[in-house]
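Values in this document were obtained by computation on a predicted structure and should not be read as measured data. In what follows, chains carry the letters A, B, and so on, assigned in the order in which the sequence lines appear, proteins first and then strands, with residues in each chain numbered from 1.
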There are 2 protein chains.
Amino acid sequence: MVGTKDIKPLIDDIARLEHEHQLECQDCSLYRLCLPLGLHRDDLVQLDKIIKRSQGYDKGQTLFNLKDDFISLYVVRSGSFKTTISASDGREQVTSFYFPGEFIGLDAIHMDSYQSKAVALESSSVCELPFDNLQDLGSELPRLQVQLLTRVSKELSGDKSLMLLLGKKTSDEKLATYLLSLSKRFKDRGFSAKEFQLTMSRSDIANHLGLAVETVSRLFSRFQDNGLIAIKGKTISLTDVEKMQALCG
Amino acid sequence: MVGTKDIKPLIDDIARLEHEHQLECQDCSLYRLCLPLGLHRDDLVQLDKIIKRSQGYDKGQTLFNLKDDFISLYVVRSGSFKTTISASDGREQVTSFYFPGEFIGLDAIHMDSYQSKAVALESSSVCELPFDNLQDLGSELPRLQVQLLTRVSKELSGDKSLMLLLGKKTSDEKLATYLLSLSKRFKDRGFSAKEFQLTMSRSDIANHLGLAVETVSRLFSRFQDNGLIAIKGKTISLTDVEKMQALCG
DNA sequence: TTATTGCATTGATCTATATCAAGTGGCGAC
DNA sequence: GTCGCCACTTGATATAGATCAATGCAATAA
């Protein structure tokens with residue numbers, strides 16, 4: 001307990017140093033997942049020039065709000081975010097979760113304001129890509145433009161799958177599908193596919209899957225009883241991936 | 001009854017003539033809704049060169065199938081289409097309906113095969129845009145590339161709204177939202193916003209909204225009883241748009 | 001004209017999941 | 001430490017909408 005307090009300043013120092021150092025794309029660990037993929041070294045230097053590496057965001061802090069002017073796309077550098085849209089009466093839907101290397105704000109490109117709200121789920125940081133600059137650069141670097149198009153298409157594809165989940169799947173199929181999708185994304189990022197942190201709350205998960213919190217809670221308990229997972233607070237281990245896959249439908 | 005048979009050959013003739021004439025983008029009535037928007041006249045000529053104006057598709061005919069090689073994007077020229085994705089056990093979700101000027105296949109850009117199946121809902125025709133050619137041209141015409149990006153972003157945005165609908169709305173809110181969305185799209189295309197044809201079946205609508213056919217049928221009846229709509233087979237009139245909007249949530 | 005077929009409607013019943021209600025446990029503030 | 005708060009869990013009950021079942025109806029074929 002005393003130890004935690006002692007290292008906090010150290011962590012802050014590291015964050016500050018990292019920020020001052022302004023890590024460039026070439027050296028970034030997300031290189032293989034992120035926008036630069038397929039760009040030449042010279043192009044990267046140009047891309048680096050327009051990227052703003054922002055200060056961090058605390059848990060619960062808003063990256064952008066519904067109807068804010070659309071200025072920039074964001075790429076998660078560390079941590080995680082959720083985006084939500086809301087009905088006129090205030091009901092909200094968690095539309096997506098975003099992890100390192102993923103783009104936030106792509107659905108705003110066709111408007112001049114954001115169509116959703118983005119909030120950090122933990123201490124997080126992002127790279128900011130002012131869209132106008134990105135477009136200017138894109139007109140010189142077709143490969144960049146293609147990368148961007150590919151990104152939006154990929155998110156579109158994911159959203160269609162989520163429509164299948166929301167429209168046709170039962171509660172246990174929903175949760176199983178969700179957990180495996182998280183697992184895959186962590187694996188792609190070089191983390192364990194079997195054990196990871198659920199940085200979002202139960203109610204975020206429930207909302208995203210079109211379920212009630214209580215249902216999600218009961219499902220976690222049942223999955224645990226059936227030996228599918230081991231869960232303790234926010235830490236989850238997938239103990240029977242086979243069976244989990246069979247559950248997805 | 002005899003009359004219908006007599007004019008059928010005439011209609012076919014017109015379709016054939018239209019096809020042979022190979023109507024160009026400049027002259028197309030969809031000009032203001034379609035890809036050419038914002039392109040210069042010279043650019044349009046180039047775009048026209050890569051567009052294949054295909055034969056028509058009959059009701060129920062497949063434009064492309066899941067896992068077909070991704071070669072082209074398609075723009076609806078006349079008629080309408082639906083796209084579906086399916087779970088491993090065969091359950092299907094109708095992900096979108098497409099009307100003239102709208103793009104089909106955008107979710108395949110990030111893969112080398114289509115992620116969904118597209119089927120004509122009535123006699124329809126499309127413009128085919130071979131994606132490789134489109135990209136070659138795009139690298140010379142940044143405005144074209146931006147148009148394309150904008151299109152995908154717009155579809156993304158619509159899908160997020162549908163997630164809100166599927167996850168959070170009640171059955172009557174779902175149907176009301178859907179009918180008004182159709183109404184707006186018809187209006188944008190210069191058709192009546194109040195009276196139009198539901199080219200898709202009740203079961204397509206139900207599936208798309210995450211409901212059972214019976215529920216949709218009952219809702220249509222109730223909406224009619226409440227003076228919101230008048231419906232006869234596939235023809236619907238919105239008789240109280242105000243009240244309908246209030247129902248959307 | 002009458003049969004056939006598939007889509008659509010309407011009614012009766014059932015069920016998955018929401019909602020309501022009552023704890024439980026962990027964590028930060030003091 | 002312990003107080004208070006909030007997220008989570010677990011149980012009891014309610015309900016929106018699904019499913020099952022029968023019938024109606026319109027378009028095509030015979």
Side-chain angles (χ1 to χ4, degrees), chain A residues 1-5 8 58-60 82 91-94 119 121-123 165-176 178 197-225 229-236 247 249, chain B residues 1-5 8 58-60 82 91-94 119 121-123 165-176 178 197-225 229-236 247 249:
Chain A
M1 304 306 128
V2 179
T4 309
K5 274 194 179 160
K8 181 75 168 63
D58 291 334
K59 178 175 177 167
K82 68 171 173 182
R91 274 174 297 178
E92 285 201 333
Q93 170 76 27
V94 174
V119 174
L121 296 172
E122 59 189 309
S123 293
L165 179 147
L166 287 169
K168 294 282 156 325
K169 294 194 177 180
T170 62
S171 59
D172 43 9
E173 290 172 332
K174 285 177 175 181
L175 189 60
Y178 176 67
Q197 295 293 315
L198 299 167
T199 55
M200 64 296 297
S201 69
R202 301 287 192 271
S203 104
D204 285 336
I205 298 174
N207 182 305
H208 183 56
L209 302 178
L211 297 170
V213 200
E214 293 92 330
T215 305
V216 169
S217 194
R218 276 185 260 268
L219 284 169
F220 274 138
S221 302
R222 215 178 72 214
F223 279 11
Q224 182 151 243
D225 292 348
I229 61 171
I231 191 161
K232 178 87 196 300
K234 302 213 163 267
T235 309
I236 188 171
L247 250 183
Chain B
M1 302 305 126
V2 178
T4 310
K5 272 194 180 161
K8 180 75 168 63
D58 291 334
K59 178 175 176 168
K82 69 171 173 182
R91 274 175 296 179
E92 285 201 336
Q93 170 76 27
V94 174
V119 173
L121 296 172
E122 59 190 309
S123 292
L165 178 147
L166 286 169
K168 293 282 158 322
K169 294 194 177 180
T170 62
S171 58
D172 43 8
E173 290 171 333
K174 284 177 175 180
L175 189 61
Y178 176 66
Q197 295 293 315
L198 297 168
T199 54
M200 64 296 298
S201 70
R202 301 287 192 269
S203 103
D204 285 336
I205 298 174
N207 182 304
H208 182 56
L209 301 178
L211 297 170
V213 201
E214 294 93 331
T215 304
V216 169
S217 194
R218 276 185 258 268
L219 283 169
F220 275 138
S221 302
R222 215 179 72 213
F223 280 10
Q224 182 150 244
D225 292 346
I229 61 171
I231 191 160
K232 178 89 195 300
K234 302 216 164 264
T235 310
I236 187 171
L247 250 183

Which is true for [X] with a 4.0 Å heavy-atom rule: it touches a base, it touches only sugar-phosphate, or it touches nothing?
X: A:K232; result: nothing
X: B:S201; result: sugar-phosphate
X: A:K174; result: nothing

inquiry  = I need the minimum non-hydrogen distance between A:R91 and B:K169, along with the two atoms involved.
reply    =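 Smallest interatomic distance, heavy atoms only, reads NH1-CA, 4.0 Å.
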task = Considering non-hydrogen atoms only, spot the tightest contact between B:L166 and B:Q93 and give its length.
result =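 B:L166 and B:Q93 have their closest heavy atoms at CD1-NE2, 4.3 Å.
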Give the rounded distance in Å between these two atoms: [atom1] of [X] and [atom2] of [N].
X: B:R91; N: D:dT19; atom1: CZ; atom2: P; answer: 11 Å
X: B:Q224; N: C:dA8; atom1: CD; atom2: P; answer: 15 Å
X: A:L175; N: C:dA16; atom1: CG; atom2: P; answer: 17 Å
X: B:K234; N: C:dG6; atom1: NZ; atom2: P; answer: 15 Å
X: B:N207; N: C:dC7; atom1: CG; atom2: P; answer: 14 Å
X: A:D172; N: C:dT15; atom1: CG; atom2: C1'; answer: 14 Å
X: A:K168; N: D:dT19; atom1: NZ; atom2: P; answer: 10 Å

Counting side-chain heavy atoms from C-beta on, which of [options] comes nearest to [X]?
X: B:A212; options: D:dG17, C:dA18, D:dT19; value: D:dT19
X: B:R202; options: C:dG11, D:dA18, C:dT9; value: C:dT9
X: A:T170; options: D:dT19, C:dT17, C:dT10; value: C:dT17

key: Any donor-acceptor N/O pair under 3.5 Å between D:dC8 base and A:E214 side chain   =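 A donor-acceptor contact between them is absent.
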message = Could you check whether the side chain of B:R218 and the base of D:dT19 have a donor-acceptor pair of N or O atoms closer than 3.5 Å, going by distance alone?
response =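 When only heavy-atom distances are counted, B:R218 does reach the base of D:dT19 through a donor-acceptor pair under 3.5 Å.
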message = Does a side-chain N or O of A:T215 approach OP1 or OP2 of C:dA16 to a distance below 4.0 Å, or not?
response =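 For A:T215, the contact criterion (side-chain N or O under 4.0 Å from OP1 or OP2 of C:dA16) is not met.
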query = Counting just side-chain N and O atoms, does A:S203 come under 4.0 Å of either OP1 or OP2 of D:dA7?
reply =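 False: A:S203 side-chain N/O out of range (4.0 Å or more) of D:dA7 OP1/OP2.
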query = Can you list the steps and then say if B:D204 with B:L121 is a side chain to side chain contact (heavy atoms under 4.5 Å, CB included)?
reply = CA-CA 10 Å; B:D204 285 336; B:L121 296 172; 3.8 Å; yes
inquiry  = Could you measure the distance from the CG atom of A:L211 to the OG atom of A:S217? Nearest 0.5 Å is fine.
reply    =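 Between A:L211 CG and A:S217 OG, I get 12.0 Å after rounding to 0.5 Å.
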ask   = Is it true that A:K234 and A:E122 have a side-chain N and a carboxylate O under 4.0 angstrom from each other?
value =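 No, no charged N to carboxylate O under 4.0 Å.
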query = More 5' along DNA chain C: A:K169 or B:F220, using each one's nearest nucleotide?
reply =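 Closer to the 5' end of DNA chain C: B:F220.
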